[in-house]
Amino acid sequence: MTRTKPKVAFFDFACCEGCQLQVANMGELLLDVLGLIEVVEFREVMSEKGPEKIDVAVVEGSITDKHAIERIKKIRDRAKVLIAYGSCATIGGVNGMKNNFKLDDIRKEVYGDRFNYFDTVETKAVHQVVKVDYFVNGCPVYIPEFVKVLKAALQGIPYEVPDHAVCVECKLNENVCMYDRGVACMGPVTRAGCNSWCINNGNICYGCRGMVSNPNENGAMDIIKKYNIPMDMVINKMNMYNKCREIDKREQKKR
Amino acid sequence: MKKLLLKDSKYEIKKSKIIKVTTLTDLEKFFEIELPGGDSLDHDPGQFVEVSILGVGEAPISVSSSPTKLGSFEMVVRKVGRFTSALHQLKEGDEIGIRGPFGKGFPVRILEGNDLVFVAAGLGIVPLRSLINFVIDNRRDFGKVSILLGCRTPQNMLFGDEVAEWTKRLDVNFSCTVDRADPDWKGNVGMITSLIPGVTLEPERTFAVIVGPPVMYKFVIAELLKKQIPERQILVSLERNMKCGLGKCGHCQINGLYCCQDGPVFSYDKIKGVPEAL
Amino acid sequence: MLYNLSQYVVLKKEDFNGFISDLVKEQKVVAPVAKGCGQFSFEEVKSGSEISIDYIPTILPPKKYFMPRDENIATYDLSNGEDMEPVVEYEKMLLFGVHTCDLAGIQCLNMVFSERPRDLNYLIRKNQITIIGYECNFYCDRFASCRLVHNHSPNGGYDLFFTDVGDRFMIHVNTNTGEELVAKSNLLRKAGEKDFEDLQRVREAKNREFAKNEIPIEHEKIPELFDRAYNSKVWEDLDKRCVACGNCTNVCPSCYCFNMIDEPNLDLKTGRRYRQWDSCQNESFAKVAGGESFRKERGARQRHRYYRKFKYPIAKFSRFFCTGCGRCSRTCMACINLKETLNSLIKEQGMENPEAGKV
Amino acid sequence: MSKRNVSVNVEYLTRVEGHGNIVVDVKEGKLETCQLQIVESPRFFEGMIKGRSIFEAQHITCRICGICSCGHTLASIQAAEDAIGFKPSKQTTELRKFLLHMENLDSHILHIYLLVAPDLLGVKSFVPLIDTHNKVVRRALRMKKAANDVCDILVGRHVHPISSIVGGFTKLPKEKDLDAMLQILYDMRADMTATVELAATLKFPQFERDMEFVGLVSDDAEYPMLMGDIGSTDGKRINKKDYKKATNEFVVPHSSAKHAKWNRESYMVGALARVNLNAGKLHPKAKELAAALGVKPKVINPYLNTVAQLIECVHSLEDGIRILEEFKKNGVNQDEVVLVGLNEQDRIKVKPGIGVGAVEVPRGILFHNYEVDEKGIIIKANCIIPTSQNVNNIEHDMRKLVPEILDKTDEEITLALEMLVRAYDPCISCSAHFLDVKFVGR
Ligand SMILES: Cc1cc2nc3c(=O)[nH]c(=O)nc-3n(C[C@H](O)[C@H](O)[C@H](O)COP(=O)(O)OP(=O)(O)OC[C@H]3O[C@@H](n4cnc5c(N)ncnc54)[C@H](O)[C@@H]3O)c2cc1C
Ligand code: SF4
Ligand code: SF4
Ligand code: SF4
């Protein structure tokens, strides 16, 4: 079966571009990937501009201003399949922290009395603006998972982000649990799929992959209380990546 | 780490061919499958197979054709996720892998000589069809046969042609109901349970066979019990998440029972005290 | 107790490192290693000094060697259609220092996978693993409950079995494989009467120690307890507390549920089919197409876990599948404690017997 | 000089990190506008980390930029430790230096091979090179991966490193890790030699402008990357605490990044600045290469920044190997592992204070500056990114360059300008993140 290679384009919105860099970090594996697809647009490493219609759009970054809203809508129209790529795109990521503040306050904080000059809107994840077909979570993305999603997209079948806790992978890696060291970890409420990357390296999980669909928030709070960890600190941590979840909740309520 | 090719693995698949694909509704497609060398599947009605698309995965799918059909078997698949979407992309001539048949099917030998009431709702007709056609092909071995069919709308009805045949037969009592009717619909409207009071039957020699979505079992069984059918003569086929088909992976467990080994067909008396079953 | 003199040999403690070094020369040896914070794991060792012989149950039980977390069961190549080759991957190794609870765990898995239809992948791999057991003379910690399920003393399942009797180990030789290991070593000597007396003394002390188990119910009454407790309030309490992280099942030596997954290589033509540990605590475990989940509530999932330890396997295998290792309680962040759960159920059902388990 | 009109308008400059436009307007031979516009939409990091614990600063601010996230991490940690008065151990400092080397290597390789080389080989991106120069592309990816793999072993990953935090490292390399990292780096030497050979054949545009270079300087014999004072080729030297005296940021209306100047109208930071300031302290092998390539400070052709990067690649590789070999000899003290979440543990004492971090990252000197209260909560933050310092200099370069090349076609002029900007390896996404701006002339 010979097929024409699907046309893939990369786009970036407000983000650190680290997830795109992860692609370059694949090393020679990248060439295998490039054997499967035709990259038609990738501003960070390419000068070429892609055609009007593309098969797959890989979108990085969150939507933070009006211009971005227009741009993402155009990209959606151009693309058969849209992959939200990296925490900023899938759950709002660190950009969501902006939503912790009143918009005008934070603009004033940064721009002083000229705050009206810079346009900014509530930070949103991509799926909160346009339809998303595949999610690759993580800050930055975990390459093995990206490859998995890419393969699923090329096979034309759905990919489901694991809906169980990071703890599952963490246990399988036989890490000493952070709670046993008296430190709060977001693992119990965060979606697995990163192979408990941070805990393997001695850090806690910060929740960059977003929350499991049905987290037992009360149970989690109980745990935290038991370990004598100040609540505001934990809420602070939860809000580091997951602030935009409130938008999903709000939308659900509307429906 | 050493690697050994494993003869006799229970995970071995039979490389089979799709010889016919028909689109039934928006979501359901019909597939006719030929095993290597035209072997017959040798299944009991109500059993299922594990269907493989390498690179995508496996799913348990009921055999929809009667064992009396030789040379190939049939199945109907609803598109709900990863595997089923991939299967829907396949065409006639494409290959798939088959493992099985698995599970306990309907106890055909026990049913012989008795009256039968079939109750099928929605996709339930798919596995039940294997038994209905078996019974029709061996009609004289059975007593009275009634078929009660329920579907959401007339358009949702699967196997319309075959159903039309059944309605014409004199040796089968057939009734049908839809949840929502369109102007052309002449039949019943309402829940499938509403058909049961109208069936005349001799409870002690009647076996009732029910297949449908999980929510309907309780209600249908209650109606049948009202008709005095003994618990062990009420048969159901249950669907659970299933990965291996070999009674190991744990997904299909219903309390202490394994749907893939102990079922999917159970008699009501066996599962009555099993809280997770219905 | 009946001891067969000829089945025992003795290793002096000062020769322990030498004994391990000899083993390492022959094959891969895995043994308990300290991970810090009072936790341990089975890892490959190169010398006896790496081993933490006094350890409490490791984070993951030895099942990780018997049914690896990711286990290839077939490779495929689509160049000529749906062609796959079932495979089994195995490694010869020696497992050193397995406590009796974990020996019981391995026995549970053996039963499950040799029940028909038999699982050849497991059975082939299992036969490549030599097991040296190690006796606990003290209760590991407050989480352990091996006494309750009668797994505190050895019940087979090993090739050699070590008991610390002071300045030396008494070693029970249980199989031909064990015999061969003994024959190869020149550090072992035949056991004498004095050694037996010491073993006896250690065992008696242990029995007294282990009788302090605080779960007030007779071993035989446990199935009845679970017959009665299906609709207990205790499960509602667990529902509120459990966060469904899946830790309890992943660390359990007798949990063996898995998923089957296909992974294509980047050419999308070749790839593998493998099975991977799954957990009945995970949200999607019992979900079927259409979104219905047959164990939607976390409490129901916890109940399922308990019933899979204390009730369902009794009917099938006449054996508790809880080995009493205490791992699930040790690891649970919500502090769901198996012994506490049992205690609450016992109390609720009025089945307390303070005399139970006393010697 | 021709009296022609030229209008260059490059919207969304490609092969740089982030969004920037080049706008040049020449009317009848006279340069009217010459701007590098930074149009990246601001992400308000400075506002976002206010009110957060100083121990979280690094985790968040390294997400300003994925390309030099190790650099941001280290600058942030340095500023944080400075603010709360914590002194890192010698082992920690050495490992941080090593990490910086790896990032330098990684970033320079990416820039040289994937971003600059296409220009010099006359193609639009590295993708066509896969067919025409397959070996070269493979080598580039391999080298990049190698630097990455080392970061993976050391700190979990290169993009947003995991185990490097305030106080030290949450995990330390074991014997086998040291061996693995060393092996990777030894193996990289062959590729590095090939890279050097390739680079010797590349031709860079001729263009010179006498300018000021700024970077870290120190009195010891080490090529300063992690520690030192702020120095200039114009002879000035100040303590990092006074960084604002060096950067003198001002705002121009056309750019969301601030501009900087010190002793002249503008200055340059980055590999070329470092080589110009500290060439004598390079690793002998890097010195050798510099001599072979005829690089003699002070080099005033900004296009040669790429060459300086190459020299630094050799330096970072060799000095990195040296650091690891020392660890191999003396061992790593595993007791120095720090537990994350120190704030929750109160294991490191905090006190109110102001701290500055000044670290040489691939694109030049990076400043982080925090003020914390007695609970270690951030009350003020400021970052000055290398690219914001360079933007002004780039514009001055363009102003000199455009008149010199007016006889060329529009495409050639555009390309020359794009290449100029790219030579600086600008990281535009970072430069627009910190703006506490007073707008002049708007
Ligand atoms: C005995 C038996 C007979 C069946 N017969 C038929 C049939 O004749 N026709 C038909 O269309 N379907 C049948 N099914 C259901 C079919 O197996 C599932 O729809 C299919 O496995 C879903 O796979 P997927 O990859 O497309 O969906 P996924 O992408 O895996 O998931 C979609 C949804 O289905 C659930 N699911 C996943 N695996 C299974 C599974 N093995 N069983 C049930 N739900 C699952 C998931 O939890 C999820 O909610 C049968 C199931 C069983 C157990
Ligand atoms: S360290 Fe975090 S992810 Fe790992 S088990 Fe503990 S809570 Fe879960
Ligand atoms: S461990 Fe947590 S923070 Fe780290 S990559 Fe995984 S989900 Fe993200
Ligand atoms: S249920 Fe808990 S105590 Fe029992 S065997 Fe499993 S992990 Fe051990």
Side-chain angles (χ1 to χ4, degrees), chain B residues 1-17 50 52-59 78-84 94-98 102 122-123 213-215 238-259 261 275-277, chain C residues 72-78 81-92 112-113 115-121 124 128 230-231 255-264 268-271 273 275 278 280 284-290 292-295 300 304 307-308 311-313 315-316:
Chain B
M1 191 70 77
K2 291 210 185 85
K3 193 162 157 181
L4 197 78
L5 292 188
L6 191 58
K7 286 255 169 55
D8 312 321
S9 167
K10 298 289 181 303
Y11 294 106
E12 176 104 78
I13 56 172
K14 288 186 218 124
K15 180 169 163 171
S16 312
K17 194 175 250 150
E50 284 281 350
S52 266
I53 303 174
L54 292 171
V56 179
E58 266 193 319
R78 173 177 287 180
K79 181 171 158 180
V80 293
R82 211 177 137 83
F83 175 84
T84 43
D94 285 346
E95 285 179 352
I96 54 174
I98 297 292
F102 291 117
L123 263 196
V215 285
L238 301 181
E239 189 198 329
R240 286 297 184 276
N241 192 324
M242 232 174 239
K243 298 293 174 205
C244 68
L246 304 168
K248 303 279 188 277
C249 77
H251 286 264
C252 72
Q253 218 178 346
I254 306 170
N255 294 90
L257 300 170
Y258 280 81
C259 186
Q261 295 279 311
E276 288 176 348
Chain C
N72 289 345
I73 53 173
T75 55
Y76 67 81
D77 185 345
L78 299 176
E82 297 280 299
D83 280 336
M84 92 173 193
E85 280 182 336
V87 295
V88 54
E89 289 176 347
Y90 60 91
E91 197 173 11
K92 209 170 158 50
V112 167
F113 288 105
E115 198 204 15
R116 288 179 191 275
R118 284 201 305 223
D119 190 277
L120 296 177
N121 290 65
I124 290 173
Q128 299 294 322
Y230 195 82
N231 294 316
C255 277
Y256 55 87
C257 292
F258 57 84
N259 240 337
M260 304 244 298
I261 304 171
D262 277 19
E263 186 176 87
L268 297 182
K269 276 208 157 52
T270 59
R273 175 166 287 176
R275 43 186 194 193
D278 200 354
C280 60
S284 53
F285 187 80
K287 229 187 213 173
V288 296
E292 176 145 5
S293 172
F294 288 90
R295 251 171 260 111
H304 183 67
Y307 275 71
R308 274 194 65 145
K311 175 145 194 284
Y312 308 148
K316 234 178 173 164

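This one's a predicted model, so the numbers in the text were calculated from it and none came from an experiment. Naming: A, B, ... by sequence-line order, numbering from 1 per chain.
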Note to self: Whether B/Lys15 and C/Asp83 form a salt bridge (side-chain N of Lys/Arg under 4.0 Å from carboxylate O of Asp/Glu) is what I want to check.
What the structure shows: yes

Note to self: Under a 4.5 Å cutoff for heavy-atom pairs, which residue among C/Lys92, C/Lys287, C/Glu263 has the most contacts with chain B?
What the structure shows: C/Lys287

Notebook entry, point to check: Sub-3.5 Å donor-acceptor pair from the side chain of B/Asn241 to the main-chain atoms of C/Ala286, do we have one?
Noted result: no

Notebook entry, point to check: Can you check whether B/Gln261 reaches C/Pro117 side chain to side chain, under 4.5 Å on heavy atoms?
Noted result: yes

Margin query: I need the residue from B/Val56, B/Thr84, B/Asp8 with the largest number of non-hydrogen atom pairs under 4.5 Å to chain C.
Written below: B/Val56

Next item on the list: Below 4.5 Å from any heavy atom of chain B, which atoms of C/Ile261 appear? Answer side chain, backbone, both or neither.
Entry: neither

Next item on the list: Tell me, out of B/Lys14, B/Arg78, B/Glu58, who's got the most heavy-atom pairs with chain C below 4.5 Å.
Entry: B/Glu58

Checklist line | Minimal non-hydrogen separation, B/Gly250 against C/Cys257, with atom names | finding: CA-SG, 3.7 Å

Margin query: For the interface with chain B, which of C/Arg116, C/Gln128, C/Arg273, C/Met260 has the highest count of heavy-atom pairs at distances below 4.5 Å?
Written below: C/Arg273

Next item on the list: Might you work through the side chain to side chain contact (heavy atoms under 4.5 Å, CB included) test for C/Val87 and B/Tyr11, ending with a clear yes or no?
Entry: CA-CA 9 Å; C/Val87 295; B/Tyr11 294 106; over 6 Å; no

Next item on the list: Taking the side chain as every heavy atom from C-beta outward, state whether C/Phe294 and B/Ile254 have any atom pair closer than 4.5 Å.
Entry: no

Item checked: Portion of C/Tyr307 that has a non-hydrogen atom of chain B nearer than 4.5 angstrom -> neither

Check: Taking B/His251 for the side chain and C/Cys280 for the main chain, is one N or O donor matched with an acceptor at less than 3.5 Å?
Finding: no

Notebook entry, point to check: So, does C/Glu82 use its side chain to make a donor-acceptor pair with the main chain of B/Ser16 at under 3.5 Å?
Noted result: no

Check: Do C/Thr75 and B/Lys3 come close enough that some side-chain heavy atom pair is under 4.5 Å?
Finding: yes

Next item on the list: Decide whether C/Tyr230 and B/Asn255 meet the rule of one side-chain donor and one side-chain acceptor closer than 3.5 Å.
Entry: yes

Checklist line | Minimum heavy-atom distance C/Pro86-B/Ser9, with the two atoms named | finding: CB-CB, 3.4 Å

Notebook entry, point to check: Who among C/Asn72, C/Asp278, C/Asn231 has the most heavy-atom pairs with chain B under 4.5 Å?
Noted result: C/Asp278

Notebook entry, point to check: Could you state the interatomic distance from NZ (B/Lys2) to CD (C/Glu89), rounded to the nearest 0.5 Å?
Noted result: 12.5 Å

Next item on the list: Find the one option among C/Gly271, C/Gly81, C/Ala315 whose heavy-atom pairs under 4.5 Å with chain B are most numerous.
Entry: C/Gly81

Note to self: Can you tell me which of C/Lys311, C/Arg118, C/Arg295 forms the most heavy-atom pairs within a distance under 4.5 Å of chain B?
What the structure shows: C/Arg295

Checklist line | Interface residue of largest heavy-atom contact number with chain C, from B/Lys243, B/Met242, B/Met1, B/Arg240, under 4.5 Å | finding: B/Arg240

Check: Between B/Gln253, B/Lys7, B/Lys17, which has the largest tally of heavy atom pairs under 4.5 Å with chain C?
Finding: B/Gln253

Next item on the list: Rounded to the nearest 0.5 Å, what's the gap from CG on C/Asn259 to SG on B/Cys244? Could you check?
Entry: 10.5 Å

Next item on the list: May I ask you to check whether over 12 heavy atoms, not counting those of B/Lys10, lie within 6.0 Å of atom NZ?
Entry: yes

Item checked: Rounded distance [0.5 Å steps], CG in B/Leu246 versus CZ in C/Phe113 -> 10.5 Å

Next item on the list: Report yes if the side chains of C/Lys316 and B/Tyr258 come closer than 4.5 Å at any heavy-atom pair, otherwise no.
Entry: yes

Margin query: Let's test your reading of the structure: which of B/Gly256, B/Gly97, B/Cys252, B/Cys249 forms the most heavy-atom pairs below 4.5 Å with chain C?
Written below: B/Cys249

